[in-house]
Amino acid sequence: MNFKLKNDTFLRALLRQPTDYTPVWMMRQAGRYLPEYCATRKRAGSFMDLCKNPDLATEVTLQPLDRFPLDAAILFSDILTIPDAMGLGLYFTEGEGPRFARPLSDAAAIKALRAPDIGKDLRYVTDTVSQIRKALNGKVPLIGFSGSPWTLSCYMVEGGGSSDYARVKTLMYKEPKLIHHILGITAGAVTQYLNAQIEAGAQAVMIFDSWGGVLSHAAYHEFSLPYMQQIVQGLKREYDGTVIPVIVFTKGGGLWLDSIADIGCDAVGLDWTIDIGVARQKVGHKVALQGNLDPAVLFSTPEVIRAETEHVLASYGYGSGHVFNLGHGISQFTNADNAAVLVQAVHELSRKYH
């Protein structure tokens, strides 16, 4: 599947190679802030029906690229596809987010946990990756992704989202062997899953450790980071003669930048709570950095968006190694015109730094 890339700026930035400008994409760039996405989702019937239909998932992946000159596409899927394929019964309720019908609520359920058959149970994802890659026809690179073992374990034990993570943390402190059992199986599954996405056509992959920041310093280094390192070490870093960069993003992980940069990834994603210039001084000689505009800036005016974009670019400074992004996913309440202002501002204002 060798479609020559017309725009490889994103991949070059991840590998800290020279670029003419700072590339930009947005976490959750295919989403409810776009009216065309809402229309396709309505046609699909439900969120998971949308994820599991390669034609429709390809359609929504491409929608933000038709609207904005973004430098990368990201597979439209969900981080909870792996636990769903493990038989936990994923479903979505309006206004409540994801829930599991069969969470890991006792030792017996945890010990019975099995890794999914990626080729069979998650074939719809790899089919979607292949289809998107063909549809892109080399326009921009395609990012594949997965949730981190810790983040997936949070959902699997809690049975859904949580405000205090009491169940999973209780298990972690009282029965660490059980949580390590979940994490070990999940890490193996994530490694296989990301490698399957790479084989299907993903040109970079990202690990979303959305809930790593809820851990203490010691717990993060025991229950989250080592499993992400295990995944990074097990990934195909070259496929079809090209390098496949890996991005690791722990929301709330600014305190642990040095540790994250040491696990072998090519880039570290930053939320908006850390200054990107400080992050570059700490780890910019080891990894590229992705981020890190506060998504709430997009609720403001075009003038403020440009000023805040300039602030992030100026803080990072001169040279390559920066992929501009939000510090977390774009809100469904964002005005799409403001997202357009952001993309244009990054492309325009960043050239003087290259």
Side-chain angles (χ1 to χ4, degrees), residues 27-28 31-32 46-48 51 77-113 116 145-187 189-190 206-228 231 248-256 260 269 271-273 294-296 326-333:
M27 288 188 268
R28 220 182 284 141
R32 287 178 288 179
S46 76
F47 176 75
M48 281 313 287
C51 288
S77 187
D78 192 83
I79 64 169
L80 299 179
T81 50
I82 286 179
D84 182 43
M86 287 170 162
L88 272 64
L90 177 65
Y91 66 96
F92 287 79
T93 50
E94 204 57 50
E96 270 190 40
R99 309 292 306 167
F100 284 110
R102 295 174 290 281
L104 301 177
S105 53
D106 55 41
I110 291 167
K111 285 172 182 166
L113 189 67
F145 73 92
S146 173
S148 72
W150 166 255
T151 294
L152 297 181
S153 299
C154 287
Y155 283 104
M156 290 154 77
V157 174
E158 297 284 344
S162 175
S163 58
D164 58 8
Y165 303 90
R167 283 184 191 168
V168 71
K169 284 188 169 187
T170 300
L171 183 70
M172 180 183 85
Y173 286 118
K174 283 176 85 172
E175 302 276 1
K177 279 187 180 166
L178 288 178
I179 198 83
H180 280 302
H181 180 74
I182 302 170
L183 291 164
I185 289 173
T186 307
V190 169
M206 181 161 168
I207 301 169
F208 284 88
D209 187 29
S210 307
W211 308 130
V214 307
L215 290 166
S216 72
H217 177 83
Y220 180 75
H221 287 82
E222 180 178 352
F223 297 100
S224 184
L225 196 66
Y227 291 98
M228 291 196 288
I231 293 161
V248 171
F249 172 60
T250 293
K251 185 167 182 279
L255 295 166
W256 307 312
I260 300 168
D271 67 19
W272 62 88
T273 62
D294 182 348
L326 303 172
H328 200 229
I330 189 168
S331 163
Q332 62 174 305
F333 304 111

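Formation of a donor-acceptor pair under 3.5 Å by the Asp106 side chain with backbone atoms of Ala109 is found in this model. With hydrogens and angles ignored, the 3.5 Å screen pairs a side-chain donor or acceptor of Asp271 with a backbone N or O of Gly252. Side-chain N or O atoms of Gln332 include none that pairs as donor or acceptor with a backbone N or O of Gly31 at under 3.5 Å.
Pairing each heavy atom of Pro295 with each of Trp272, the nearest pair is CD-CE3, 3.6 Å. Of all non-hydrogen atoms in Met86 and Ala189, the two that sit nearest each other are CE-CB, 4.3 Å. Pairing each heavy atom of Glu158 with each of Val168, the nearest pair is OE2-N, 3.0 Å. Among all heavy-atom pairs drawn from Pro83 and Phe100, the shortest one is CB-CZ, 3.5 Å. Summarising the geometry of Ala166 relative to Ser162, their closest heavy-atom pair is N-OG, 4.4 Å, with the distance given to 0.1 Å. Closest of all the heavy-atom pairs between Ile182 and Ser153 is CG2-OG, 3.3 Å.
Among Leu171, Leu183, Leu113, Leu104, the single residue meeting the side-chain contact (heavy atoms from CB on, under 4.5 Å) criterion with Leu178 is Leu171.
With values rounded to the nearest 0.5 angstrom, Asp209 atom CG is found 7.5 Å from Ile260 atom CD1. To the nearest 0.5 Å, atoms NE2 (His217) and CH2 (Trp256) are separated by 8.0 Å. Distance check: Leu215 CG to Leu255 CG gives 12.0 Å after rounding to the nearest 0.5 Å. Between Leu88 atom CG and Leu152 atom CG the span is 10.5 Å, to the nearest 0.5 Å. Here the CZ-CE distance, from Arg102 to Met156, works out to 12.5 Å after rounding to the nearest 0.5 Å. Atom CE of Met27 sits about 6.5 Å away from atom CG of Leu326, to the nearest 0.5 Å.
Aromatic ring pairs are classed by plane angle as parallel below 30°, tilted from 30° to 60° and perpendicular above 60°; the pair Phe223 and Trp150 is tilted. Between His180 and Tyr227, the two ring planes are tilted [angle within 30° to 60°]. Using cut-offs of 30° and 60° on the angle between ring planes, the pair Phe249 and Phe208 is perpendicular.
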Exercise for review: Give the C-alpha distance, both sets of side-chain angles, the deciding distance and a yes or no for side chain to side chain contact (heavy atoms under 4.5 Å, CB included) between Val157 and Met172.
Suggested key: CA-CA 10 Å; Val157 174; Met172 180 183 85; over 6 Å; no
**Study point:** side chain to side chain contact (heavy atoms under 4.5 Å, CB included) between Phe92 and Ser46, worked out
**Key:** CA-CA 8 Å; Phe92 287 79; Ser46 76; over 6 Å; no
Review point. Step by step, would you call Ile82 with Ser146 a side chain to side chain contact (heavy atoms under 4.5 Å, CB included)?
Key: CA-CA 8 Å; Ile82 286 179; Ser146 173; 4.0 Å; yes
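Counted by atom type alone, Tyr155 and Trp211 present one or more donor-acceptor pairs between their side chains at under 3.5 Å.
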